[in-house]
Enquirer: 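One structure is given below, represented as structure tokens, and several questions about it will come after.
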Amino acid sequence: MSKASLPRILYLAPLPPPIHGSAMVSEQIRNSKVVNEAFDGDFVNISTSRKMCEIGKGGLWLTLQKTIRFLVSFLKTLGLLLTHRYDLCYCAITCHGSGFLKDAPFVLLCKLFRRKILIHQHNRGMAKDVDRPIYRWLLPLVYRNTKVLLLSWYLYPDIERVVKREEIIICPNGIKPISYDECKRRPNKIPHILFLSNLMIDKGVYVLLDALKILSEKGIPFVCDFVGSETKELNSERFNQEVEARNLSHCVRYNGPKYGEAKQKSFLQADIFAFPTFCDTFGLVNLEAMNYQLPIVTTNFGGIPDEIINGENGFVVEPEDAQATADALCQLLEDASLRQRMGRAGYKKFMEEFTEETFERNIVVSFKRAMEETT
């Protein structure tokens with residue numbers, strides 16, 4: 001089939017940099033051979049931040065830069081809608097707070113041109129805004145007569161007052177399996193715990209540090225490596241101050257961001273993956289850890305229970321519960337056979353449900369369904 005005869009999609013989505021879950025998925029769709037063979041499309045980067053430290057940050061100069069980026073993206077979108085006939089507008093927008101106010105005009109512009117719309121929901125928080133001024137009428141206006149792509153049914157309660165259940169399409173994230181030589185995994189006399197994400201409080205950084213303090217005070221040996229980019233709320237200096245305040249300098253290290261082979265090495269050096277987030281909707285990094293056959297300690301938040309089955313391929317604890325996090329880590333630190341058993345179970349689940357191939361097949365089906373069913 002020639003490119004000209006393919007259904008056409010306008011993708012309005014954040015693209016890296018900065019690197020975060022939503023941007024990574026958008027980049028994955030943009031580069032997908034499966035998607036590009038099924039649809040023709042144009043991408044507009046609707047992100048106004050170019051670094052992690054810019055997200056949510058103001059200041060006169062940065063605000064001016066963000067405003068210019070927004071206007072450029074909006075005008076580009078307008079130009080594409082004027083010159084092309086799209087069968088679907090794919091909108092990966094923020095659903096709450098100021099991010100929603102920034103992204104809503106893109107959806108409304110697509111509605112003005114009477115295009116079918118699929119909103120890909122990578123975040124949550126709508127339930128907190130639905131009764132607030134402006135959001136009370138703007139949320140229904142944006143989401144009316146659209147299809148909404150959710151990562152998990154666990155996320156539906158957050159939007160159920162705005163979006164009808166029959167408008168939901170479920171499509172979990174997936175990542176490309178990474179082949180590696182198991183023999184290169186470093187044998188550790190002392191078990192290593194890995195945290196890999198941006199340094200953000202709601203990613204559970206402080207919760208994990210508090211849990212590690214509990215373990216350290218019990219005399220349980222471990223090393224914990226924190227890998228990820230600094231953010232406006234938590235840079236390396238502040239992080240190290242928090243480590244010192246908990247007397248963890250002997251067993252906790254901040255290693256900065258890691259990519260490519262350096263990131264792979266971090267996974268290979270770990271025995272346990274810890275991700276006590278209370279902000280993620282799904283957690284791509286959990287899938288990466290499953291690929292590396294690591295047992296995972298994470299939280300009952302968002303769609304994470306679809307990834308990690310408590311007691312099977314890891315432990316799922318309540319968000320912001322340092323004691324429960326410490327107890328789960330303790331079980332894994334003291335039982336190497338349990339670590340191995342859970343790691344193998346996680347890898348099996350990953351290969352069956354969360355690979356890039358599965359995701360890309362599902363996203364194509366989702367796009368076609370949105371084209372057919374959206375009024």
Side-chain angles (χ1 to χ4, degrees), residues 21 124-125 128 154 188 190-255 266 270-286 288-290 294-305 307-336 338-339 342-343 346:
R124 51 177 293 166
K128 297 178 181 179
Y154 284 107
N188 298 312
I190 298 176
H192 282 229
I193 302 166
L194 173 65
F195 171 94
L196 195 152
S197 187
N198 296 312
L199 292 187
M200 297 170 62
I201 293 171
D202 56 10
K203 294 286 187 180
V205 172
Y206 288 175
V207 176
L208 181 54
L209 288 176
D210 289 340
L212 298 176
K213 179 183 178 183
I214 294 170
L215 295 172
S216 179
E217 290 176 347
K218 287 184 176 180
I220 298 171
F222 66 87
V223 173
C224 186
D225 291 300
F226 282 75
V227 174
S229 297
E230 301 174 66
T231 65
K232 66 165 189 171
E233 65 181 12
L234 195 56
N235 58 23
S236 58
E237 182 180 358
R238 175 69 183 277
F239 176 83
N240 288 326
Q241 289 173 354
E242 296 291 339
V243 170
E244 292 174 7
R246 293 168 176 80
N247 296 316
L248 294 171
S249 299
H250 64 290
C251 58
V252 172
R253 305 177 297 201
Y254 172 58
N255 298 319
S266 295
D271 300 287
I272 301 165
F273 187 74
F275 189 53
T277 179
F278 47 97
C279 73
D280 285 68
T281 53
F282 204 74
L284 286 174
V285 71
N286 280 336
E288 293 184 88
M290 291 163 70
L294 294 177
I296 297 168
V297 175
T298 188
T299 52
N300 181 24
F301 195 88
I304 288 175
E307 301 174 309
I308 313 302
I309 308 303
N310 189 42
E312 183 177 310
N313 60 322
F315 291 108
V316 180
V317 303
E318 290 304 309
E320 302 185 75
D321 190 335
Q323 183 62 60
T325 303
D327 292 343
L329 288 170
C330 184
Q331 291 186 62
L332 291 168
L333 288 168
E334 295 183 336
D335 192 337
L338 178 63
R339 297 198 297 267
M342 284 188 165

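Computation of the quantities below employed the complete heavy-atom set of this structure, encompassing side-chain atoms and omitting hydrogens, waters and symmetry-equivalent molecules.
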Enquirer: Between L332 and F315, is a side-chain contact (heavy atoms from CB on, under 4.5 Å) present by the stated rule, with each step listed?
Expert: CA-CA 9 Å; L332 291 168; F315 291 108; 3.8 Å; yes
Enquirer: Do the side chains of M200 and V205 get nearer than 4.5 Å, heavy atoms only?
Expert: no
Enquirer: If you define the side chain from C-beta out and look only at heavy atoms, does anything of R339 sit under 4.5 Å from E334?
Expert: no
Enquirer: Could you please spell out the steps behind the side-chain contact (heavy atoms from CB on, under 4.5 Å) verdict for N313 and M290?
Expert: CA-CA 8 Å; N313 60 322; M290 291 163 70; 3.8 Å; yes
Enquirer: So is R124 actually on top of Y154's ring, under 6.0 Å and inside 45° of the axis?
Expert: no
Enquirer: Can you find a pair of side-chain heavy atoms, one from V317 and one from N300, that are under 4.5 Å apart?
Expert: no
Enquirer: Checking S229 side chain against N198 main chain: does a donor-acceptor pair fall under 3.5 Å?
Expert: no
Enquirer: Which heavy atom of N310 sits nearest a heavy atom of V316, and at what distance?
Expert: OD1-N, 2.9 Å
Enquirer: Do L248 and S216 have side chains that approach each other closer than 4.5 Å (heavy atoms only, starting at C-beta)?
Expert: yes
Enquirer: Taking the side chain as every heavy atom from C-beta outward, state whether E320 and P276 have any atom pair closer than 4.5 Å.
Expert: no
Enquirer: Would you please say whether a donor-acceptor pair under 3.5 Å links the side chains of Q331 and D335?
Expert: no
Enquirer: From the options F273, F226, Y254, select the one residue that forms a ring pair (Phe, Tyr, Trp, His ring centres under 6.0 Å) with F195.
Expert: F226
Enquirer: Determine, stepwise, if the pair C224 / L208 fulfils side-chain contact (heavy atoms from CB on, under 4.5 Å).
Expert: CA-CA 10 Å; C224 186; L208 181 54; 4.3 Å; yes
Enquirer: Where is the tightest heavy-atom contact between F275 and G283, given as atom of each residue plus distance?
Expert: CE2-CA, 4.4 Å
Enquirer: Over all heavy atoms of both residues, which pair between E233 and L199 is shortest? Give the atoms and the distance, please.
Expert: CG-O, 4.3 Å
